[in-house]
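The shown structure was predicted, so the numbers you read here are calculated from the model rather than taken from an experiment. Side chains are part of it too, since the values below use all heavy atoms of this structure and drop only hydrogens, waters and symmetry mates. In the text below, chain A, chain B and the rest are named by the order of the sequence lines, each starting its count at 1.
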Amino acid sequence: MSTVYDGERGEFVAEPAADTVPLLAVKDLRVEFRTNDGVAKVLNGVSYHVDAGETLAVLGESGSGKSVTAQTIMGILDMPPAVVLGGEVLFHGEDLLSAKPARRMQVRGEGIAMIFQDALSALNPVFTVGFQIAEQLRVRRGLSRAEARKGAIDLLDLVRIPHAKQRVRSYPHEFSGGMRQRAMIAMSLALDPELLIADEPTTALDVTVQAQIMDLLRDIQRERDMGLILITHDLGVVAEVADRIAVMYAGRIVEQADVYALFRGPAHPYTEALLQSLPRLDLKGQDLKAIKGLPPSLTRIPPGCPFHPRCPRAVDRCHQEVPDFHPLPGDRHSACHFAHEMLVSGYPGSNPDKHSRGLSRGDA
Amino acid sequence: MGRYLLRRLLQFVPVFLGTTFIVYTLVWAVPGDPFAGKCGERQCPDTFVSLMTERYGLNDPLVVQYFTYLGKVLTGNLGETFSGVSISEQLLNSAPITVRLAIVALLIQIVIGVVAGVVTGIRGRGYLDNLVLVSTLFLISLPTFVTGSVLQILLGVEWGIIDPTVSAQATWGELIVPGFVLGSISMAYVTRLTRTSITENKHADYVRTAIAKGQPGRRVVFVHLLRNSAIPVVTFLGTDLGSLMGGAIVTEGVFNINGIGGLIFRNIAEKEGVMVTTIVTLLVLVYLLMSLIVDLLYAVLDPRIRYD
Ligand SMILES: Nc1ncnc2c1ncn2[C@@H]1O[C@H](COP(=O)(O)OP(=O)(O)OP(=O)(O)O)[C@@H](O)[C@H]1O
Ligand code: SF4
Ligand SMILES: [Mg+2]
């Protein structure tokens with residue numbers, strides 16, 4: 001496939017032009033885990049895309065398949081028990097799932113890099129931080145030991161680790177949590193990737209350090225015009241750094257929209273519930289609304305809309321008909337039968353009766 | 001680190017004194033006339049017995065004898081056996097052979113054990129895994145003596161592939177089969193330990209990171225995975241050196257090798273107490289030193305371990 005990649009796009013591009021290919025596009029990814037407990041349908045047709053210089057935030061409850069999607073993109077799923085049933089991972093239009101192992105290895109690190117939640121276990125405990133960064137430069141770029149070490153020091157400098165020259169000789173356990181995450185970011189940047197996947201990079205850190213790490217990631221992303229997929233639970237972080245948001249539920253993307261549109265008016269009851277679970281100053285003193293019920297067991301996903309057992313807006317139709325992930329005005333998508341009505345009726349519209357007659361209420 | 005080393009070396013003293021004293025007591029407490037058969041067919045003349053008793057201080061209390069002996073050993077004077085053979089000369093002749101045998105055994109353990117362990121650990125369940133599990137169980141349950149005798153009879157006597165006994169020079173080539181026999185049980189343990197260690201570590205986060213950052217597969221296995229999995233294996237190899245010594249006595253006996261093991265074997269039979277205690281004392285020293293080296297190596301392999 002010969003396609004031209006347009007790296008000159010701004011941050012808030014709404015509609016990809018017809019003749020350009022996104023940096024990364026995941027299409028209809030389906031993955032299941034076959035274990036002794038049965039078959040867990042973990043990804044049931046996940047699609048999202050991200051462009052250069054853009055930050056896509058992937059939101060969703062624990063177990064919704066955010067990490068498994070990222071692992072499928074990287075090709076680091078544990079197979080078995082995982083089985084990729086279908087779908088495509090298109091990097092510059094090239095399908096990685098059908099690519100040769102050597103090509104996949106080449107893409108890892110210099111095409112797509114990934115950082116993980118727990119840097120202490122993700123870094124190798126028996127090698128120095130410097131070794132693990134320099135290794136990328138030596139093995140993948142063919143640099144000499146001395147050059148690679150110098151490169152490692154520069155990278156530690158870049159991620160603002162003080163005294164990089166000395167710290168390059170430290171082992172991961174000698175670093176604080178924040179420094180370890182910085183070191184991991186340095187390692188992921190070694191080959192100057194076009195796309196970085198950050199899987200809950202700050203969850204294990206305390207709040208001030210979280211903010212520093214997010215600032216660092218955002219600065220680096222802007223400087224390098226890198227694509228960033230940010231997997232997170234933290235809506236505050238999302239509001240601050242994301243350009244676009246994809247919301248996952250039970251192995252599907254249920255809503256996708258740019259960050260302003262989504263916060264202004266969610267087009268899926270699950271997103272709405274997520275937003276309502278945020279503390280709000282104007283509702284200070286009231287109880288936070290937690291989402292009722294539990295996410296479905298992935299071995300027995302309910303028929304119809306997977307969210308219907310927990311959905312305050314559910315009607316009979318939702319029990320039978322699986323809603324399509326369909327486009328809405330303003331380059332957004334939703335997998336709810338009543339997405340259109342939700343947008344028109346406005347937010348917060350939690351009255352379950354409003355969805356079909358919402359037109360009369362006017363826009364909020 | 002320096003203080004740790006000093007502390008460890010100081011700990012050697014009571015351990016060394018304790019073990020050697022026990023050995024000394026045991027050897028000299030063995031009933032029987034130490035001079036039986038020392039003078040050919042005849043009973044030894046009384047003058048010889050009293051001369052020897054005098055020279056070796058056999059009438060002193062055991063503790064006094066022990067410390068006199070220890071003093072001599074520590075000043076480098078290993079003395080002579082009752083039959084007048086220089087002990088240090090004997091040791092110098094036979095030690096290199098045993099060292100060579102032990103190196104062969106250790107290499108076989110490491111090369112075969114680690115390779116089989118890595119391959120089965122990475123591949124997981126399957127035909128090869130079952131084959132390795134069964135054959136290692138088989139080796140573990142066979143005593144060294146049996147493995148040695150069977151291989152000696154099959155390879156040496158029946159098929160004539162090797163000489164049934166090893167020549168006085170004990171060349172490297174001749175020592176391959178005895179080395180295999182000596183190392184076989186530990187090799188089986190190394191295989192299983194490596195396999196378990198690899199199986200446990202291959203799903204570790206840092207292995208996934210190494211793949212995700214685009215390191216080639218063999219580097220992921222041989223640098224990232226193996227380095228971590230080697231830690232328990234090295235510990236085992238270090239502590240297992242003692243059983244290697246014990247096995248050497250049997251193996252050298254079976255293949256008629258003139259090493260330290262053979263020396264002990266013959267001297268126990270001949271009730272040469274001085275020789276036996278000296279050799280065992282040396283073995284204790286070697287063992288203590290090896291265990292120190294292993295502990296230091298452990299800290300090199302796993303930087304999370306700090307000695308201070
Ligand atoms: N190696 C595995 N074996 C079996 N099941 C797995 C495995 N990895 C993931 N799963 C299952 O896949 C589902 C999705 O997991 P995933 O890690 O993608 O969730 P997530 O959205 O990243 O959640 P979190 O926010 O907790 O990280 C979970 O139900 C999990 O049990
Ligand atoms: S389709 Fe029905 S159940 Fe599903 S989210 Fe929409 S309203 Fe709720
Ligand atoms: Mg996750």
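For A:Phe91, the CZ atom counts as densely surrounded, since its 6.0 Å shell holds more than 12 non-hydrogen atoms of other residues, nucleotides or ligands.
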Interface of chain B and chain A, donor-acceptor atom pairs under 3.5 Å:
residue	atom	partner	partner atom	Å
B:His203	ND1	A:Asp78	OD1	3.4
B:Asp205	OD2	A:Ser121	OG	2.6
B:Tyr206	N	A:Ser121	O	3.2
B:Thr209	OG1	A:Ala122	O	2.6
B:Lys213	O	A:Gln136	NE2	2.8
B:Lys213	NZ	A:Gln132	O	2.8
B:Lys213	NZ	A:Glu135	OE1	2.8
B:Gly214	O	A:Arg140	NH1	3.0
B:Gln215	NE2	A:Gln136	OE1	2.7
B:Arg219	NE	A:Glu135	OE2	3.2
B:Arg219	NH2	A:Glu135	OE2	2.8
B:His224	ND1	A:Asn124	ND2	3.0
B:His224	NE2	A:Glu135	OE1	3.1
B:His224	NE2	A:Glu135	OE2	2.6
B:Asn228	ND2	A:Asn124	OD1	2.8

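Considering only residues two or more places apart in sequence or on other chains, B:Gln109 meets the side-chain hydrogen bond (donor to acceptor under 3.5 Å, both in side chains) condition with none of them.
Of the two parts of B:Val207, neither the backbone nor the side chain holds a non-hydrogen atom closer than 4.5 Å to a non-hydrogen atom of chain A. Residue contact with chain B, scored on non-hydrogen atoms closer than 4.5 Å, involves the backbone and the side chain of A:Met105 alike. Interface residue A:Ala122: backbone and side-chain heavy atoms are both found under 4.5 Å from chain B. In this structure, chain A has a heavy atom under 4.5 Å from the side chain of B:Ile231, while its backbone stays farther away.
Of the listed residues (A:Ile197, A:Val126, A:Val139, A:Leu191), the one with the most heavy-atom contacts under 4.5 Å to chain B is A:Val126.
Heavy-atom minimum distance, B:Pro303 versus A:Pro125: CG-O, 3.4 Å.
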